[in-house]
Participant: 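Once you've had a glance at the structure underneath, I'll fire off some questions.
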Amino acid sequence: MKLFKNRRKRLDTLQVPTRRRLHVSHLEIGMYVCELDRPWRQTDFLFQGFPLLKIEHIHAVRERCDYVFVDDTRKVRLDQGELLVPSAAPGRVQRNLPRIPLSLEVEEARRAYRAGSLVIDQVLLDVQQGRPIDTRSCQVLVKRNLESLLRNESAMLWLTRLKAQDRYTGLHCLSVSILAMGFGVHLGLSDEKVETLGIAGLLHDVGKMKIDPRILNKPGKLTPEEFEQIKLHPAFGFQALQNQPGIPPAAVQAAHAHHERLDSRGYPLGLDRYQIPFTTRIITIVDAFDAITSHRSYDDARPIQVAYDVLRSGGDKQFDEALVHEFIRWLGVFPVGTLVELHTGEVALVLEKHEKLHLRPKVVVLRDAHKQPCEARYLDLAQLTVDAEGVAYRISTGLPDGSHGLYMADPELQSILHPELLATLEPEREPAFD
């Protein structure tokens with residue numbers, strides 16, 4: 001007598017479920033949370049999917065959910081009891097600081113930026129000549145820039161666009177420091193971690209001072225031999241920083257590994273994704289973005305959208321995909337300090353982004369519909385602002401630096417950041433009554 005009338009054929013492959021529901025009381029360090037028992041937008045978790053790296057992360061999930069789904073294929077490996085993937089934490093620091101108007105913050109930001117450019121120039125000179133770095137000055141610089149970012153980040157972000165080609169390396173380091181800190185604030189990192197990002201960005205390229213200037217500043221394409229020389233700068237940076245007192249280990253590591261890739265095809269060590277720390281992942285993204293959008297000896301600045309496309313296409317291969325998504329979400333479609341063309345054909349410069357309406361920033365019009373110079377006209381696109389036909393102003397497209405003769409490094413262009421002029425964009429305040 002047969003026990004089964006229709007016996008199924010044995011499958012060649014075994015189907016193993018990787019996503020399983022789990023009560024929050026059963027969560028363990030290293031598990032990867034891929035779905036919640038409620039919509040992500042109803043929580044303050046930063047990413048839609050994250051590994052549990054600390055006991056605090058488990059507590060955060062337990063406070064907000066009854067059960068979650070975990071993906072066993074993405075469980076974080078452990079090595080000698082330590083996690084190898086310091087990915088984004090699920091919780092975030094909440095900052096409820098009053099926003100200072102751009103017109104009031106721009107002068108302090110400008111002073112801080114100028115002081116910072118002097119500090120980084122001295123740091124690079126010290127590295128070049130083999131002298132110790134003044135790490136105290138670096139720390140003071142980073143704290144000052146962070147304070148400005150917290151008051152009104154648009155002022156500092158605007159200044160990161162002001163890079164002269166002949167001072168590219170120093171100002172690039174300063175810009176990466178500022179951008180990395182702004183991104184860290186967006187990610188909800190603590191002040192201490194944000195300052196570490198600032199130091200890491202400031203010092204990430206110091207190894208270039210040990211590269212032959214004729215190769216470093218070559219206007220044409222590098223030969224294979226020359227590129228091999230360029231690839232030595234992370235190791236030179238590591239050597240210059242590793243014994244310096246007062247520099248966070250994460251910053252030293254970022255100098256050494258900011259050209260590593262998640263697919264193990266980076267340099268100088270060919271690390272895999274599990275060996276690339278969180279701080280380094282952020283610096284890698286910011287470094288690439290700032291380089292692509294800046295004028296360099298061998299390449300002109302490219303539009304923001306091109307930089308975004310490069311970051312997106314490198315997601316999960318060169319860059320951390322989740323961090324790329326958040327970076328773009330933070331800066332917005334038309335970041336501060338970029339040129340845009342309005343629907344009228346006029347060319348404007350983005351002065352300040354709107355906290356929620358990223359497509360409607362504050363701009364200043366600098367070229368008319370025929371792309372000819374015109375009197376500066378300040379517009380707040382988040383307000384009801386219309387053209388001569390009664391059509392609301394909108395941005396049509398982004399433009400690269402240098403379009404229609406408009407360069408961020410031009411002193412005349414910088415002069416538009418005048419406090420009195422910027423004040424015209426600020427909403428009128430209600431009168432105070434005793």
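In this chain, residues are counted from 1 in sequence order. The figures here come from the full heavy-atom set of this structure, side chains too, leaving out hydrogens, waters and symmetry mates.
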Participant: Treating N152 as the side-chain partner and I100 as the backbone partner, does any N or O pair qualify as donor plus acceptor under 3.5 Å?
Facilitator: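 A pair under 3.5 Å: yes.
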Participant: Just wondering, are more than 12 heavy atoms of other shown residues or ligands nearer than 6.0 Å to CD in Q129?
Facilitator: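 Atom CD in Q129 is packed in, count exceeds 12.
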Participant: Do the side chain of D205 and the main chain of C173 share a donor and acceptor less than 3.5 angstrom apart?
Facilitator: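 Judged by distance alone, no pair lies under 3.5 Å.
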Participant: So E346 and T344, side chain to side chain donor-acceptor pair (under 3.5 Å) or not? Walk me through it.
Facilitator: CA-CA 5 Å; E346 296 167 296; T344 57; 2.6 Å; yes
Participant: Run T284 and R261 through side chain to side chain donor-acceptor pair (under 3.5 Å) and show every step you take.
Facilitator: CA-CA 9 Å; T284 298; R261 296 168 51 108; over 6 Å; no
Participant: In terms of ring plane angle, is the pair W330 and F327 parallel, tilted or perpendicular, where the classes change at 30° and 60°?
Facilitator: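 Taking F327 first and then W330, their aromatic rings sit tilted (interplane angle of 30° to 60°).
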Participant: Taking atom CZ of R95 as the centre, report whether more than 12 heavy atoms of other residues, nucleotides or ligands fall under 6.0 Å from it.
Facilitator: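 Enclosed.
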Participant: Could you check whether any side-chain N or O of S177 sits under 3.5 Å from a backbone N or O of I199, counting only pairs where one atom can act as donor and the other as acceptor?
Facilitator: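 Such a contact is absent between S177 side chain and I199 backbone.
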Participant: I'd like to know if K353 pairs up with E153 as an ion pair, taking the criterion as any Lys NZ or Arg NE/NH1/NH2 lying under 4.0 Å from an Asp or Glu carboxylate oxygen.
Facilitator: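 E153 and K353: salt-bridged.
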Participant: Going by ring-ring contact (aromatic ring centres under 6.0 Å, His included), name the pairs with one or both residues in residues 193-215, residues two or more places apart or in two chains.
Facilitator: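 Every pair satisfying ring-ring contact (aromatic ring centres under 6.0 Å, His included) with a residue in residues 193-215: H172-H204, H204-H258.
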Participant: Should E352 and R99 count as an ion pair when the cut-off is N to O under 4.0 Å?
Facilitator: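 Judged by the 4.0 Å cut-off on N to carboxylate O distance, E352 and R99 do form a salt bridge.
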Participant: What's the verdict on side chain to side chain donor-acceptor pair (under 3.5 Å) for T135 and Q244, showing C-alpha distance, side-chain angles and the deciding distance?
Facilitator: CA-CA 8 Å; T135 54; Q244 296 276 353; over 6 Å; no
Participant: List the atom of L52, the atom of V61, and the distance in Å for their closest heavy-atom pair.
Facilitator: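 Between these two residues, the closest heavy atoms are CD2-CG2, 3.9 Å.
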Participant: Per the side chain to side chain donor-acceptor pair (under 3.5 Å) rule, which among R111, E105, E108 passes with S148?
Facilitator: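 That would be E105.
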Participant: Checking the side chain of R367 only, and the main-chain atoms of V347 only, is there a donor and an acceptor separated by less than 3.5 Å?
Facilitator: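 Absent.
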Participant: Please answer whether the main-chain N or O of K221 pairs with a side-chain N or O of K218 as donor and acceptor at a distance below 3.5 Å.
Facilitator: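 Yes; judged by distance alone, with no hydrogens or angles, the pair exists.
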Participant: For E260 and L269, indicate whether the former's side chain and the latter's backbone hold a donor-acceptor pair under 3.5 Å.
Facilitator: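 Side chain of E260 to backbone of L269: a pair is present.
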Participant: Between S403 and L399, is there a donor-acceptor pair closer than 3.5 Å when you use the side chain of the first and the backbone of the second?
Facilitator: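 Side chain of S403 to backbone of L399: no pair is present.
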Participant: Please determine whether a side-chain nitrogen of the Lys or Arg among R312 and E321 lies less than 4.0 Å from a carboxylate oxygen of the Asp or Glu.
Facilitator: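 Result for this pair is no, no salt bridge flagged.
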Participant: Are D316 and R273 within salt-bridge range, i.e. N to O under 4.0 Å?
Facilitator: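 A salt bridge is present here (some side-chain N lies under 4.0 Å from a carboxylate O).
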Participant: Please check: side-chain N/O of T160 versus main-chain N/O of S175, any donor-acceptor pairing under 3.5 Å?
Facilitator: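 Such a contact is absent between T160 side chain and S175 backbone.
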Participant: For the rings on F50 and Y32, is their centre-to-centre separation under 6.0 Å?
Facilitator: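 No, ring centres 6.0 Å or more apart.
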Participant: Under 6.0 Å between ring centres, would you say that holds for Y267 and H259?
Facilitator: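 Yes - the distance between ring centres of Y267 and H259 falls below the 6.0 Å cut-off.
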Participant: Keeping the roles fixed (side chain from R62, backbone from V24), state whether a donor-acceptor pair exists under 3.5 Å.
Facilitator: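 The answer is yes, because a donor-acceptor pair under 3.5 Å joins these two groups.
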Participant: Check the angle between the aromatic planes of F289 and Y308 and answer parallel, tilted or perpendicular using the 30° and 60° thresholds.
Facilitator: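 The arrangement is parallel - the two ring planes meet at less than 30°.
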Participant: With no hydrogens and no angle check, is any side-chain donor or acceptor of R265 less than 3.5 Å from a backbone partner on G270?
Facilitator: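 A pair under 3.5 Å: no.
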Participant: Passes side chain to side chain donor-acceptor pair (under 3.5 Å), Q122 versus D126? Steps please.
Facilitator: CA-CA 6 Å; Q122 186 61 51; D126 289 339; 2.9 Å; yes
Participant: Tell me whether E147 is salt-bridged to R144, with the criterion being a basic N under 4.0 Å from an acidic carboxylate O.
Facilitator: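 Not counted as a salt bridge, because no side-chain N and carboxylate O are separated by less than 4.0 Å.
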